[in-house]
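See below for the structure under consideration.
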Amino acid sequence: MSIKEKTNKLLHHRFGPVFLATALLCSISLITRLALLIYSASGVDWSILNLLKILVIGLFYDLAASSFAVIPIIIYLWLLPSKWYASKFNKVLLFIYFFFVVFTLIFNAISEWFFWEEFSVRYNFIAVDYLVYTTEVIGNIRQSYPINSIMVGLVIVTLLIVYFLRKFITSSTTNKTSFGKRTIIALILLSLPVFTYFGVSHKWKYHSKNQYVNELSGNGMYDFGFAFWNNQLDYNTFYKTLPIKNAEAILSRLLQQDSTAKGEFKNTSRTINNSGTENRMNVVLISVESLSAEFLGTFGNTQHITPQLDSLAKEGLLFNNLYASGTRTVRGLEALSLCIPPTPGQSIVKRPDNKNLFTLGSIFRSKGYNSRFIYGGYGYFDNMNEFFSNNGYQVTDRSALQDSEIHYSNIWGVADEDLFTLSLRELDKDYKDKKPFFAQIMTVSNHRPYTYPEGRIDIPSHTGREGAVKYTDYAIGKFIREAKQKPWFSNTLFIIVADHCASSAGKVELPVDKYHIPMIFYSPGHIAPDKFEKLTAQIDIGPTILGYLNFSYDSKFFGQDVFKMKNGEERAFISTYQSLGYIKNNTLVILDPNKKATTYKPDFTTGSAVTIPADEKLINEAISNYQMASYLYQNGLYGFETIKKP
């Protein structure tokens, strides 16, 4: 019997629509995979073996995804009586079903393309996370892409495909399989998703050292389901651990590298004792959306899109070797406020039981400062209002602006210049009330759809990332110029730092160059122009600010004052939601959720990495930091017991 004859026999069977739906899913998934492969050709390690892995393992996951996707049609074909199966009504229902199948599969393929374009991975924790904020995400899509044209085109293509398949869709309606036989077949088919759920591992696609090969070997729908059911990762269950006393001892030794750390060490608790008078300057911390170091001319960019930041870098203290904790804003906010390594799964900013934690804002508040978090969007997004208002900060978001005060806004928030106008107004209030202030300002303009007011810069709005970067740069420069006219400027420390890089995609699991971010300490009359070359973690920023101000305080921070750390003891933390990286002495340790620890020699320019023999000392240091971070949070030991309420 030929392949054509076998195919016709399958399609004429009562469960022929199941075979057809599976074939459609696998075919469209294959086309999607090949399109993404071509798009990412420059990053793929090309070999016959890798290509076979992408196609064969990819097909396996396509079939795994289809085992779940066809459950509704299996049940329908099983239970529908034979006397109704040949009716016109049933044929109409089958056509409607396949219209939605084809439409959904193509829509998913387009969505995967856009997701890959943004993150260079299949659906993951981020995609699941976005479901919570459909207003912002759908709005972002509508403002970034011609969604109406895409949807019309999608409907037309779907109708054409269904018309082409019309004979195949209804070819099974003449079949009169008995209920008993249908039951046996249905139960066999329905057992497949059960076996898939319990027997298939998401890890099987991680067979290559090239991250693009691994991601292309997956199936977006299957990966989405996995991320949905595994959006929290318990450290002790999935990662390498040490006896808690051993982890605490290692961490205590590491924290003592800060020469101001004194007293008895318990977990991360110790006293930071800076001698002399406290320098009670105001502090304005600007966390800039998606500002990769590579965008700045200071770091070699030749597009001239950051003239204001490049000028400030020459006038202030530029940190040349700073690395972000993660790949999303909530990770940056977590690092800047909690000064804790990124725990696997969801950011603490969005987790339950995250009130009254030990934060930078709570330290400033205990010192008599007014601690503020100012955001250009609506702060319910990513749980920002809830988190910051319950952890020592006074929150102000775009709802504090009147419509007449807003020059421009998109789905993420107001234009950065309007955010800074709002910020100046709030800081003026504190000065008028004779309150020193600490303000963290979170920008939004450097984000897709990359739109901003026209006429500010020489790049039109909505033309790409470079324009958004240059507009944010313009807004920061305008803010600094206006701040210079304020009576509080001369006693204010400005810190400009990114929340994360614009992209985290690379050939390897954690490409270090995709975590390299800029930071500038700027305060004319207080800070001389200079460059700080030592390795710095994003979680070190808070303690370093406090150290610069010569504050003494009881600390639980994992971060340290890098100005006072001993040479050779500097380290940084980088992560995705599941891979946890630890950089020290030009070596990268990665902890993965299969209780695996691997040591690499990374290239800090290209992001590539070569596996080297295990460095047990560094591995244990990495484990101690990440394990203790999870342990302290989960056991309620990272709290700030003496927060002074406003």
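Quantities reported herein were computed from a predicted structural model and do not represent experimental measurements.
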Taking the side chain as C-beta and beyond, is there a heavy-atom pair between H526 and L493 under 4.5 Å?
->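 With C-beta onward as the side chain, the pair stays apart.
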
Relative to the ring of F420, is the ring of F479 parallel (under 30°), tilted (30 to 60°) or perpendicular (over 60°)?
->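 Judged by the thresholds at 30° and 60°, the geometry between F479 and F420 is parallel.
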
Take the angle between the ring planes of Y323 and F604 and call it parallel below 30°, perpendicular above 60°, tilted in between.
->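 Ring orientation of Y323 relative to F604: perpendicular.
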
Using a cut-off of 6.0 Å, state whether more than 12 heavy atoms not belonging to [X] lie near its atom [atom1].
X	atom1	answer
K209	NZ	no
Y206	OH	yes
K484	NZ	yes

Under 3.5 Å, is there a donor-acceptor pair between the [X] and [Y] side chains?
X	Y	answer
Q538	H500	no
Q308	D473	no
T544	D540	no
N391	T359	no
T451	Y408	yes
D430	W488	no
E112	T32	no

Carboxylate-amine/guanidinium proximity below 4.0 Å for R328 and D382 |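 Salt bridge present between R328 and D382.
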
Ion pair K584/E570, N-O distance below 4.0 Å |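 No, this pair does not count.
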
N/O donor-acceptor pair under 3.5 Å between [X] side chain and [Y] backbone:
X	Y	result
Y626	G581	yes
S347	K350	no
N585	T587	no
Y393	G361	yes

Tell me whether the guanidinium CZ or amine NZ of K486 lies under 6.0 angstrom from the six-membered ring centre of Y431 and within 45° of its axis.
->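 Cation-pi check for K486 and Y431: fails.
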
Per the ring-ring contact (aromatic ring centres under 6.0 Å, His included) rule, which among Y548, F563, F521 passes with F532?
->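 Output: one option passes, namely F563.
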
Y450 and E466: side-chain hydrogen bond (donor to acceptor under 3.5 Å, both in side chains), yes or no, with the steps?
-> CA-CA 9 Å; Y450 312 130; E466 290 75 15; over 6 Å; no

